[in-house]
Participant: 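Before I ask anything, let me first share the structure, which is written out below as structure tokens.
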Amino acid sequence: MIVIGHKNPDTDSIVASIAYTQFCNLIGKQAKAYRIGEINPETEFVLQKFGFSIPPMLSEITDSVALVDHNSLEESAPGLDETRIVEVIDHHKLSLITSNPIFVHIEPIGSTSSIIFKFFKQKNLKIDQKLAGALLAAILSDTVIFKSPTTTEEDKAIANELAKLANIPDIISFGVEVKKKKADFSKTPASEIIKSEAKEYVFGTKKFIVAQVEVFDWELKKRKNEIVEEMKKQKGFDAYLFMLTNIMTEETLLLYVGDESIIKKAFPFGSFEENAILLEKTLSRKKQIIPPLQKACS
Ligand SMILES: [Mn+2]
């Protein structure tokens, strides 16, 4: 079985696929982790720190597939046939439609890595120090160091347990260390910045791209015009959204190009400037951007 996370992989996606593969192999199920996109500097740091190699790029789908941390074909491997998918382990809303019954485990929890942790627990399997460190990093990454509204009490309890196993005394400062690895865009061209963790969404007849970066200050805001110009060059969607999320102030400056009426319908409460809305207390794409966007399309 091939285990893959989503396109534009983040740390949760990669760590969950590695951890789930380990779990499968421990219970006697053959599985191998692959990635379907380039690793970001945060994930690279985490894998290196805990001694994991980067999963190989999936080139050909020759086996059954388990999707972790996503469950839509838009976010998955190009050319993936739905009939290949045999399992889904995720914490995003269900969107996959299959022609056959498959194994699905979806929970409203802060990270897919939290779910994989629970799989190990259920079967009384030992999580070694390295895997514990990587799972902890993935939880901290996906929950934005527990600040995201997607965070549950269970994520925090799991993180505490993992921190003990990984021998990491200060969870928050470890979280900041992890998150800061991909928060520096000073040397990144705008054309690349706008593709950060970009995901594609289709609601009815409307298609959206929503990208996101998480930063610790407003330095990148100075490049707003340059970023918007790059977004305008993109084609093949109704609107392109770029979340510039400030972890410290817990605000998101949502830059957008395309169908402005839908954006204004979805976020009537934000303060508007040209091609941008400032959203207070907003960190989560999944919980705070996608639902209003979907509703505005219905
Ligand atoms: Mn995730």
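Atoms within a ligand are numbered from 1 in the order they appear, just like the ligands themselves.
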Participant: Can you tell me if Glu42 and Thr11 form a side-chain donor-acceptor pair at under 3.5 Å?
Facilitator: yes

Participant: Check whether Phe237 forms a cation-pi arrangement with Lys235 (NZ or CZ under 6.0 Å from the six-membered ring centre, at most 45° off the ring normal).
Facilitator: no

Participant: Just checking, Lys179 and Phe216: is the charged tip under 6.0 Å from the six-membered ring centre and within 45° of the axis?
Facilitator: no

Participant: For Glu74, look at atom CD and say whether over 12 heavy atoms of other residues, nucleotides or ligands are found less than 6.0 Å away.
Facilitator: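 Counting neighbours around CD of Glu74, more than 12 heavy atoms of other residues, nucleotides or ligands fall under 6.0 Å, so yes.
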
Participant: Enumerate the protein N/O/S atoms at a distance below 2.8 Å from the Mn ion (ligand 1), ignoring waters.
Facilitator: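 Result, waters dropped: Asp12 OD2, Asp69 OD1, His91 NE2, Asp142 OD2.
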
Participant: Apply the side chain to side chain contact (heavy atoms under 4.5 Å, CB included) test between Tyr240 and each candidate in Asp259, Leu255, Val257; give the one that qualifies.
Facilitator: Val257

Participant: Parallel, tilted or perpendicular: which describes the rings of Phe23 and Tyr20, with under 30° parallel and over 60° perpendicular?
Facilitator: parallel

